[in-house]
Amino acid sequence: MEFAINMGDIEDKLKLADHTGRFSFSGKEDRELPRELLDIPKLHSLQMLDYPAAALPNWFPELNIESLDISCNTFTAFPREIFSMTGLRHLGVRIPGLGRIPRGIERLARLEILCLTGCNLSSPPAGLHKLKHLTALNLGFNRIKASNEIALPPSLEHLIISGNPLNAVPISVRKLDKLRVLEFNSSGTYSAGYDASIRPLQPPFPGSLARVSGVGPRSRHGLVVALPSWLFDIPGLEWLDFTGQRISEIPENVGNLENLRGLLFAENLLTRIPDSISRLGTLKVVNIAGNKIYSLPDNTSNLRGLSYFGLNGNSLPVPPEVLSRPQEPTEIWAYLDSIQKDQKRLNEAKVLVVGEGAVGKSSIIRRLTRGDFDSDERKTDGIDVTRWNVSVDGVGIAVNLWDFGGQEIMHATHQFFLTRRSVYLLVVDARQSEEQNRIEYWLKLIQGFSGGSPVILVGNKCEDFGLDIDQRGLRGKYPDIVDIVETSCANNEGIDAVRASLQHTLGDMSHVQDLLPASFFRVKEHLEQLEADYLPFTEYQVLCGERGVTTLASQERLVEFLHDLGTVLCFRKDPRLRDTNILNPSWVTGGVYRLLNSHVAAQEKGLLTWQKIDTILDEEKYVPEKRQYIIEMMKKFELCFESDDVFLIPDLLTKEEPDTGRWEDTLDFTVRYGVLPSSIIGRLIVRLHYLISQRTVWRTGVVFALDGNRALVKADREDAVITIRVSGPAKGRRGLLQAIRVQLRTIELTIPGLTGEGQVPVPGYPGFWVPYTHLFNLESAGIEKVTPQGMIDEFPISLLLDGVEDQSSRAPVHPSPHAPQLALEPKEEPAVERFRVLGLPKVGAMIALAGLLITLIGTWIAYLAYRGDEQERNKPKSTATTPVTSRTPGPTIPTSATQPTATVSADG
């Protein structure tokens with residue numbers, strides 16, 4: 001039966017080839033190359049991917065084709081039969097174990113395009129220079145070292161020699177008067193700034209071998225260190241790509257290339273840009289990111305025709321917020337123009353002090369800023385900000401020290417204040433183990449949010465014990481660690497070393513002394529003096545306009561910069577918080593943490609009425625009309641959910657897991673993380689609170705119910721894993737599991753660097769799991785079976801995946817970060833009864849179907865709006881492959897007189 005199906009597939013392909021003239025063979029789908037190809041007179045193009053045989057069939061040279069593309073792992077030598085196919089104009093070959101090509105290539109006299117990538121060649125084929133019609137040559141990803149042995153035909157217009165260990169441009173390139181494109185990228189991948197619409201006349205390289213893209217390590221040996229001046233005398237050059245080499249200078253005669261459209265020299269050792277570049281009015285793409293350039297020539301402003309200007313990763317006195325938008329060169333020019341008119345150095349930095357509770361973070365700050373020690377130092381209830389002036393290389397720097405409370409309940413909100421442009425002090429207790437200090441948890445959290453900010457690890461309380469951790473291992477795993485210091489605040493030991501380390505680190509951060517427009521400082525100073533606790537963005541725009549910051553782009557850039565610096569809080573990039581105002585950091589954090597740390601809230605078992613909120617926020621700065629805003633922020637942070645003016649805070653629930661019943665014959669799924677922020681499970685509870693079954697919810701777990709199915713969801717923070725078990729009618733299990741997976745993935749997308757790996761269990765073998773994405777990719781590639789790690793038996797991939805979702809809807813879960821919360825509207829019930837159940841009542845099939853249709857339509861509209869908004873801001877786009885429905889009101893929460901039982905109680 002399988003052979004008949006394959007034959008049917010071949011017949012269909014042959015019919016298509018007879019119509020189009022092109023035939024595509026895939027070793028994953030086809031058994032052998034059909035001889036019937038000889039009977040197709042119109043056949044002109046043949047693509048052979050993963051050809052399984054060790055040799056070509058003996059009739060192969062009889063094919064009268066013009067284009068041939070072969071990818072094969074089984075050949076041990078180049079098939080000489082190809083040399084007999086003298087009608088070939090396009091030839092692509094990828095044979096990883098080839099090593100060399102025998103003489104005979106010159107027999108293919110009509111050849112125009114030749115692609116020999118990934119063939120492990122140590123030299124180009126002999127006779128290459130005799131191909132008088134060859135216009136495009138791709139020798140990427142080989143082992144070619146001797147540049148003086150490369151003989152090239154003078155007819156070449158496109159030469160791609162990326163990913164080879166060459167240390168010089170071949171001298172034969174000098175004779176290529178027709179050359180238009182030269183790509184010498186060290187890794188052979190697409191360089192940032194690559195634009196197919198701008199890059200001139202991309203040759204039609206055969207099929208899958210069009211260009212090696214996105215794979216392969218950068219060459220460690222033989223990198224080009226200097227460019228010959230004659231290279232810039234080739235008059236027709238339009239595209240130069242020398243990304244990832246060791247070039248320290250671009251010759252001044254680059255200005256001779258009047259037709260140049262792309263100049264890609266990222267990740268080299270350049271210290272300057274030649275002045276002559278300003279003469280190149282045809283330039284569209286310039287990428288010099290990741291070099292050592294410290295200034296730009298004045299005349300670079302003449303390059304107004306650029307569509308891409310990559311400058312980030314240099315030592316330029318320009319904020320990273322500006323340089324991180326290379327696709328918006330006009331914004332870069334506008335910024336450079338603004339600082340030329342009136343400028344001032346920032347000389348300010350933000351230092352975030354994080355770690356577990358009671359490790360001495362506040363004492364470290366006290367020693368640094370005041371020079372004393374208080375053995376009765378109070379714990380930090382939230383975040384305290386201390387101003388500290390320090391001298392760095394003779395320049396006064398204002399440092400904002402943010403002291404983060406280490407209590408677990410506050411970790412959920414810390415993520416909103418961990419920003420770039422910062423130095424991190426990770427303080428640990430030397431008397432405790434790495435596990436007790438949760439060092440890797442904090443390092444991974446910082447790594448995800450900080451965008452590569454430096455970390456100083458401080459081992460405190462070393463008066464009796466030294467810091468016993470694997471320093472070498474941590475430095476190797478987390479390269480952002482710049483120093484590890486031992487201290488004792490009680491004995492005033494090591495504090496000078498921390499101060500010196502901070503000064504040195506701040507001195508190495510170029511953006512601390514960024515040149516900023518004076519108008520930015522006028523806005524910043526006004527906001528710092530403003531007594532308002534929050535400011536609508538429209539009022540902020542008016543304030544900016546009055547002080548010379550007039551464009552929306554510059555206003556958003558400024559507020560992003562002020563947020564990173566800690567002057568204000570503004571979450572324009574967070575889809576949940578984009579519409580919030582500009583906030584006073586101490587005011588909003590004080591209110592949120594006051595509620596989270598409240599003894600009243602703990603006594604009320606996580607349930608708060610407005611009366612209780614008024615009792616907690618009774619200070620003058622939280623007047624009644626402003627308390628609503630604090631609650632709204634908590635809702636947007638997904639710290640609580642509301643119904644009928646009553647709120648539940650998941651982080652105040654009990655840690656004790658209640659009796660959830662028996663879980664046998666379940667559909668299981670796990671999501672494993674590198675680090676599991678404690679906020680994940682709480683936010684999931686908030687998003688799906690209307691599905692909670694029989695009040696069964698605690699701090700690290702919950703039971704959801706939907707139409708007869710129940711799902712047990714538990715978070716294990718130490719193992720960094722979330723487990724999901726779904727019971728009930730088999731027909732509805734996968735739907736409930738998918739709803740949970742979508743919400744988890746949506747939450748992940750709001751946390752930079754956080755990606756969970758879904759895992760599918762092996763039926764009948766507890767403890768054995770296979771990554772979902774791996775199974776999906778294998779199935780997509782036509783592979784039918786898999787051997788799970790640690791096992792020797794094979795299992796059908798379809799069997800493993802069918803347990804999770806049906807084949808028609810199978811795909812990795814990638815919702816938009818703007819995706820609304822999934823919701824099905826429950827039937828109306830009395831408020832108290834609805835919260836008693838906290839689950840979704842059984843709904844009729846027609847109601848469920850109608851609700852699903854409505855939510856699909858609503859989600860698609862919201863998704864289109866999201867994509868349009870993302871394109872407008874020119875940010876990376878996410879694709880929502882699994883629709884989720886829009887948010888609907890949750891069930892009514894009762895007053896304290898009808899509180900739920902201990903299953904939703906909080907730790908007192």
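Residues: numbered from 1 along the sequence shown.
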Take the angle between the ring planes of F75 and Y51 and call it parallel below 30°, perpendicular above 60°, tilted in between.
-> perpendicular
Expected output: side-chain S307 to main-chain K284 donor-acceptor under 3.5 Å | yes
S45 and Q47, any side-chain heavy atoms less than 4.5 Å apart = no
From S162 atom OG to N138 atom CG, the distance as rounded to the nearest 0.5 Å | 7.5 Å
Indicate yes or no: at least one non-hydrogen side-chain atom of N312 is less than 4.5 angstrom from one of S324.
-> no
If you round to the nearest 0.5 Å, how far is CG of L296 from CD1 of I288?
-> 6.5 Å
Grab the two heavy atoms, one from K524 and one from L562, that are nearest each other, plus how far apart they are.
-> CG-CD2, 3.7 Å
L346 side chain reached by L565 side chain, heavy atoms, under 4.5 Å = yes
Identify the two heavy atoms, one from N120 and one from R143, that lie closest to each other, and give their separation to 0.1 Å.
-> OD1-NE, 2.6 Å
Is the backbone N or O of I160 less than 3.5 Å from a side-chain atom of D241, with the two atoms forming a donor-acceptor pair by type?
-> no
Got a donor-acceptor contact below 3.5 angstrom from the Q245 side chain to the V224 backbone?
-> yes
Is there a donor-acceptor pair under 3.5 Å between the side chain of N256 and the backbone N or O of V254?
-> no
Test L159 against every option in L152, V169, V181 by the side chain to side chain contact (heavy atoms under 4.5 Å, CB included) rule and name the one that passes.
-> L152
When you measure from the side chain of N142 to the backbone N and O of L116, does any donor-acceptor pair fall under 3.5 Å?
-> yes
Please identify each residue that fulfils salt bridge (Lys or Arg N to Asp or Glu O under 4.0 Å) with K145, with sequence neighbours left out.
-> none
Would R180 and E238 satisfy salt bridge (Lys or Arg N to Asp or Glu O under 4.0 Å), going step by step from the backbone distance to the final call?
-> CA-CA 5 Å; R180 305 177 67 193; E238 298 181 27; 2.7 Å; yes
Result for side chain to side chain contact (heavy atoms under 4.5 Å, CB included) between L139 and one of I144, L114, T117 points to I144
Heavy atoms from other residues, nucleotides or ligands near CZ of R246 exceed 12 (cutoff 6.0 Å) | no
Give a yes or no on whether N64 atom CG has more than 12 heavy-atom contacts from other residues, nucleotides or ligands under 6.0 Å away.
-> no
Pairs involving residues 96-129, ordered by first then second residue, that meet ring pair (Phe, Tyr, Trp, His ring centres under 6.0 Å) (sequence neighbours left out) = none
Rounded to the nearest 0.5 Å, what separation is found between the CD atom of E106 and the NZ atom of K130?
-> 5.0 Å
Indicate yes or no: does K178 engage E157 in a salt bridge with an N to O separation below 4.0 Å.
-> no
Output the distance between atom CG (L137) and atom CG (L156), rounded to the nearest 0.5 Å.
-> 5.5 Å
Exam field: side chain N287 to backbone P326, donor-acceptor pair closer than 3.5 Å | no
Under 4.5 Å between any side-chain heavy atoms of P517 and Y335, yes or no?
-> yes
Would you say the side-chain atoms of N253 pair up with the backbone N or O of S229, donor to acceptor, closer than 3.5 Å?
-> yes
Answer yes or no: is there a donor N or O on one side and an acceptor on the other, between the side chain of S172 and the main chain of I150, under 3.5 Å?
-> yes
Atom pair NZ (K175) and CH2 (W230), whose distance is rounded to the nearest 0.5 Å = 11.0 Å
Beyond-backbone contact of F184 with P170, side-chain heavy atoms, under 4.5 angstrom | yes
Of I277, L270, I273, which is the lone residue that meets side chain to side chain contact (heavy atoms under 4.5 Å, CB included) with I250?
-> L270
F141 and N164: which non-hydrogen atoms are nearest, and at how many Å?
-> N-ND2, 3.9 Å
Could you give the distance from CG (L260) to CD1 (I234), rounded to the nearest 0.5 Å?
-> 11.5 Å
What closest approach, in Å, do F232 and L257 show between heavy atoms, and which atom pair accounts for it?
-> O-CD2, 3.4 Å
Can you check whether V512's main-chain N or O pairs, donor with acceptor, with D514's side chain at less than 3.5 Å?
-> no
Minimal non-hydrogen separation, V423 against M509, with atom names | CG2-SD, 3.3 Å
Validation row: L128, L134 side chains within 4.5 angstrom (heavy atoms) | yes
For C570, does its backbone N or O pair with a side-chain atom of H563 as donor and acceptor, under 3.5 Å?
-> yes
I293 vs L316 side-chain heavy atoms within contact, under 4.5 Å = yes
By side chain to side chain donor-acceptor pair (under 3.5 Å), which residues pair with S276, not counting sequence neighbours?
-> E252
In terms of heavy-atom contacts, T282 and N259 come closest through OG1-C, 3.4 Å
pair R261-V285: side-chain heavy atoms closer than 4.5 Å | no
Taking 4.0 angstrom as the limit, do E556 and R325 come out as a salt bridge?
-> no
